[in-house]
Visitor: 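The following block contains the structure, expressed as structure tokens.
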Amino acid sequence: MSQDAGTEAVVPGDANTTTGEGVRRRDFINIAAVSAAGVGGVVTLLPLISQMAPSADVLAESSTEIDVSAIQPGQAIKAVFRKQPVFVRNLTPKEIGEAEAVDVSTLRDPQTLKERTKEGHENWLITMGVCTHLGCVPLGAGEGEVKGEFGGYFCPCHGSVYDTAARIRKGPAPKNLQVPEYAFTSDTVVKIG
Ligand code: FES
């Protein structure tokens with residue numbers, strides 16, 4: 001009997017056919033491609049995640065240790081803490097007396113010297129060297145620098161004046177110089193941060 005002219009013969013193994021085996025092979029190829037993309041995603045994500053974790057350098061920078069033994073009463077130094085200036089000042093008994101004599105209720109940002117220093121180390125005034133107005137570095141920590149009329153720090157940018165407890169006394173700055181987190185790890189070493 002002759003074959004109908006409108007139909008085609010199905011030949012097993014022909015690549016162009018739609019046999020069950022052919023469909024399975026294509027599915028496998030698609031799955032393999034998707035899996036490869038998934039692996040690629042994980043491989044590219046891992047370096048990103050490890051870049052987001054703080055490096056040892058950054059962790060080390062997050063605190064600063066300062067040996068204050070060479071800073072004499074009446075002297076100050078400028079150090080760097082998290083890429084910003086920090087002032088470490090050894091107050092004289094006179095400067096402590098001046099700070100304590102102020103009626104705190106008259107201050108723009110009321111704080112006692114005691115609240116701004118550590119117990120047993122009241123002569124050590126440690127503040128950020130960043131004016132709370134617009135962020136200039138005030139004068140007064142360096143040798144021979146102008147300290148302003150209240151004997152602390154003076155910001156020449158717009159004329160803010162800080163007292164011997166680094167509290168704002170005059171000018172546009174709204175707040176006292178910020179006291180960072182710190183602790184004495186010995187009588188002569190301060191760890192800031
Ligand atoms: Fe210090 Fe303006 S930035 S007074």
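Just so we're clear, the structure is a prediction, and the values are computed from it rather than from any experiment. Just so it is clear, the values below take in all heavy atoms, side chains as well, and ignore hydrogens, waters and symmetry mates. Numbering of residues begins at 1 and proceeds along the displayed sequence.
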Visitor: Passes side-chain contact (heavy atoms from CB on, under 4.5 Å), Ile192 versus Glu181? Steps please.
Guide: CA-CA 6 Å; Ile192 303 176; Glu181 287 286 315; over 6 Å; no
Visitor: For the pair Glu95 and Leu125, evaluate side-chain contact (heavy atoms from CB on, under 4.5 Å) and give the outcome as yes or no after the intermediate values.
Guide: CA-CA 11 Å; Glu95 288 170 330; Leu125 180 67; over 6 Å; no
Visitor: Return the minimal non-hydrogen interatomic distance between Gly140 and Lys147, and the atom names on each side.
Guide: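 Answer, listing the atom of Gly140 first, then Lys147: O-CE, 3.6 Å.
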Visitor: When you check the gap from the basic side-chain N to the acidic O, do Lys78 and Glu145 get nearer than 4.0 Å?
Guide: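 Yes, Lys78 and Glu145 are salt-bridged.
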Visitor: To the closest 0.5 Å, what do you measure between OG1 (Thr164) and OH (Tyr153)?
Guide: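 It comes to 10.0 Å.
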Visitor: Do the side chain of Glu115 and the main chain of Thr112 share a donor and acceptor less than 3.5 angstrom apart?
Guide: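 Answer holds: yes.
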Visitor: Do Arg169 and Glu149 sit within salt-bridge range, that is, some charged N less than 4.0 Å from a carboxylate O?
Guide: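 A salt bridge is absent here (no side-chain N lies under 4.0 Å from a carboxylate O).
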Visitor: Once rounded to the nearest 0.5 Å, what's the spacing between atom CG of Leu91 and atom CD of Glu98?
Guide: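 That separation rounds to 10.0 Å.
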Visitor: Is the side chain of Thr132 donor-acceptor paired with the backbone N or O of Leu177 at a distance under 3.5 Å, no angle test?
Guide: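 No, because the side chain of Thr132 does not come within donor-acceptor range (under 3.5 Å) of the backbone of Leu177.
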Visitor: Please examine the side chains of Asp109 and Arg167, heavy atoms only from C-beta on, and report whether any two atoms are closer than 4.5 Å.
Guide: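 Arg167 vs Asp109: side chains apart.
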Visitor: Taking the side chain as C-beta and beyond, is there a heavy-atom pair between Ser160 and Phe154 under 4.5 Å?
Guide: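 Side chain of Ser160 against side chain of Phe154, heavy atoms only: no contact under 4.5 Å found.
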Visitor: Looking only at the SG atoms, are Cys131 and Cys157 under 2.5 Å from each other?
Guide: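 No; the two sulfurs sit 2.5 Å or more apart.
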Visitor: Can you check whether Gly193's main-chain N or O pairs, donor with acceptor, with Ser63's side chain at less than 3.5 Å?
Guide: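 Flag not set: sc Ser63 to bb Gly193 has no pair under 3.5 Å.
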Visitor: Hey, could you give me the CG/CD1 distance between Asp67 and Ile77, rounded to the nearest 0.5 Å?
Guide: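 Separation between the atoms: 9.0 Å.
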Visitor: Report the hydrophobic cluster partners of Val104, with the cluster defined as I, L, V, M, F, W, Y residues connected by side-chain heavy atoms closer than 4.5 angstrom, directly or transitively.
Guide: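 Val104 clusters with Val102, Leu107.
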Visitor: Closest heavy-atom contact between Ala173 and Ile168?
Guide: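 Scanning both residues, the minimum pair turns out to be O-CG1, 3.2 Å.
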Visitor: Evaluate side-chain contact (heavy atoms from CB on, under 4.5 Å) for Val190 paired with Glu65, printing each intermediate quantity in order.
Guide: CA-CA 6 Å; Val190 178; Glu65 284 207 353; over 6 Å; no
Visitor: Given Leu113 and Ile96, is the side-chain contact (heavy atoms from CB on, under 4.5 Å) satisfied, shown in steps?
Guide: CA-CA 8 Å; Leu113 177 65; Ile96 293 172; 3.8 Å; yes
Visitor: Between His158 and Leu134, is there a side-chain heavy-atom distance shorter than 4.5 Å?
Guide: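 Counting from C-beta outward, Leu134 and His158 do come under 4.5 Å.
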Visitor: Just wondering, more than 12 heavy atoms not from Lys114 lying within 6.0 Å of its NZ?
Guide: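 Incorrect, the count does not exceed 12.
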Visitor: With a 4.5 Å limit on heavy-atom distance, are the side chains of Tyr182 and His121 in contact?
Guide: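 Counting from C-beta outward, Tyr182 and His121 never come under 4.5 Å.
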Visitor: If we count only N and O atoms by modelled type, under 3.5 Å, do the side chains of Gln72 and Asn90 hold a donor and an acceptor together?
Guide: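 The answer is no; no qualifying pair exists.
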Visitor: Should the pair Phe184 and Trp124 be assigned to parallel (<30°), tilted (30 to 60°) or perpendicular (>60°) ring geometry?
Guide: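 Tilted.
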Visitor: What is the minimum heavy-atom distance between Val161 and Phe150, and which atoms define it?
Guide: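 In terms of heavy atoms, the two residues are closest at CG1-CD1, 3.5 Å.
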Visitor: Not counting sequence neighbours, which residues clear side chain to side chain contact (heavy atoms under 4.5 Å, CB included) with Val137? List them please.
Guide: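 Side chain to side chain contact (heavy atoms under 4.5 Å, CB included) list for Val137, sorted by chain: Pro85, Phe87.
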Visitor: List the atom of Pro180, the atom of Val86, and the distance in Å for their closest heavy-atom pair.
Guide: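 Closest approach of Pro180 to Val86, heavy atoms only: CG-CG2, 4.3 Å.
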Visitor: Just verifying a value: how many Å separate Thr106 OG1 and Arg108 CZ, rounded to the nearest 0.5 Å?
Guide: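 Nearest 0.5 Å value for the OG1-CZ distance: 11.0 Å.
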Visitor: Of all the heavy-atom pairs spanning Thr127 and Val179, show the shortest one and how long it is.
Guide: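 In terms of heavy atoms, the two residues are closest at CG2-CG2, 4.1 Å.
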Visitor: Heavy atoms only: give me the nearest Tyr162-Pro138 pair and the separation to one decimal.
Guide: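 For Tyr162 and Pro138, the tightest heavy-atom pair comes out as CE1-CG, 4.5 Å.
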Visitor: Quick one: does His133's side chain get under 4.5 Å of Cys155's, heavy atoms only?
Guide: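 In short, these two side chains do not touch, never coming nearer than 4.5 Å.
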